[in-house]
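Whatever order the structure lists them in is the order used to number ligands and atoms, beginning at 1.
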Amino acid sequence: MNILIVQGPNLNLLDKRSKEHYGVLSIEAIHDLIVQKFPDDEFTFYQSNDEGALIDIVQTADLDYDGVVINPGGYSHTSVALHDALELCSIPKVEVHLSNVLSRDSFRKELITAKACTACISGAKEHSYLSAVYLLKSFAG
Ligand code: DQA
């Protein structure tokens, strides 16, 4: 499969963020792990802190990829516009969170973008991404 992995704001600084919530791996180490675990699949990694840039890549994802894994970071809880772009995207989409957003601040319990995704995985640290890729492959049969 040809899979797009999209990561939103502040996920480029994972090594400076809470290890308790997000685990010990940097964004590069997560990418390496995904490639290592799924050697037969093709991955494109895209990180941006910019809401519009995330919307732009999601808008065209169904032209170039078979599935999307997206961690919208803080935009998960706020972005109706990213939700709408995901809704327009006609390939399977799995939202992931490194931390267990349901066990954290109440404002993290509202998952606006996840409502437009096929599935959502939260709280398994880097394994959230691996599980999402597994799901996309399962959906594809
Ligand atoms: C996050 C959870 C969000 O609430 C937070 O704003 C992030 C990371 C996660 O992966 O656990 O930036 O999406």
A.B. asks: Check whether any N or O atom of Ser76, backbone or side chain, sits under 3.5 Å from an N or O atom of ligand 1, and answer yes or no.
C.D. replies: no

A.B. asks: Can you give me every donor-acceptor pair (side chain of residues 29-40, partner residue at least two apart or in another chain, under 3.5 Å) with its distance?
C.D. replies:
residue	atom	partner	partner atom	Å
His31	NE2	Gln7	OE1	2.7

A.B. asks: So, regarding Tyr22 and ligand 1 (criterion: nitrogen or oxygen to nitrogen or oxygen, under 3.5 Å), is there a contact or not?
C.D. replies: no

A.B. asks: Quiz question: by atom type and distance under 3.5 Å, do the side chains of Gln47 and Asn49 form a donor-acceptor pair?
C.D. replies: yes

A.B. asks: Under a 4.5 Å side-chain heavy-atom rule over Ile, Leu, Val, Met, Phe, Trp and Tyr, are Ile5 and Ile121 clustered together?
C.D. replies: yes

A.B. asks: Backbone N or O of Met1 within a donor-acceptor pair of the Lys137 side chain at under 3.5 Å?
C.D. replies: no

A.B. asks: Among all protein heavy atoms in this structure, tell me which lies nearest to atom 1 (C) of ligand 1, with the distance rounded to 0.1 Å.
C.D. replies: His97 ND1, 3.6 Å

A.B. asks: Identify, by atom number and element, the atoms of ligand 1 in contact range of Arg17, meaning under 4.0 Å from any of its heavy atoms.
C.D. replies: 7 (C), 12 (O)

A.B. asks: Is there a side-chain contact between Tyr65 and Thr44 in this structure, where contact means two heavy atoms from C-beta onward sitting under 4.5 Å apart?
C.D. replies: yes

A.B. asks: With a cut-off of 6.0 Å (strictly less than), are more than 12 heavy atoms of other residues, nucleotides or ligands near OH of Tyr134?
C.D. replies: no

A.B. asks: Give the numbers and elements of all ligand 1 atoms closer than 4.0 Å to a heavy atom of Gly74.
C.D. replies: 6 (O), 12 (O)

A.B. asks: Can you report which non-hydrogen protein atom sits closest to atom 5 (C) of ligand 1, along with the distance?
C.D. replies: Arg108 NH1, 3.3 Å

A.B. asks: Can you tell me which residue and heavy atom of the protein come closest to atom 11 (O) of ligand 1, and the distance to 0.1 Å?
C.D. replies: Ser99 OG, 2.6 Å

A.B. asks: Where the side chain of Lys125 meets the backbone of Glu20, is there a donor-acceptor pair that is under 3.5 Å apart?
C.D. replies: yes

A.B. asks: Tell me yes or no: between the side chains of Asp15 and Ser26, is some donor less than 3.5 Å from an acceptor?
C.D. replies: no

A.B. asks: Heavy-atom contact under 4.0 Å between Val101 and ligand 1?
C.D. replies: yes

A.B. asks: Considering only protein heavy atoms, which is closest to atom 9 (C) of ligand 1, and at what distance to one decimal place?
C.D. replies: Leu98 N, 3.4 Å

A.B. asks: His77 heavy atoms, cut-off 4.0 Å: which ligand 1 atoms fall inside?
C.D. replies: 3 (C), 4 (O)

A.B. asks: Going by distance only, is there an N or O of Val96 that falls short of 3.5 Å from an N or O of ligand 1?
C.D. replies: no

A.B. asks: If we only count N/O pairs under 3.5 Å, is Asn71 in contact with ligand 1?
C.D. replies: yes

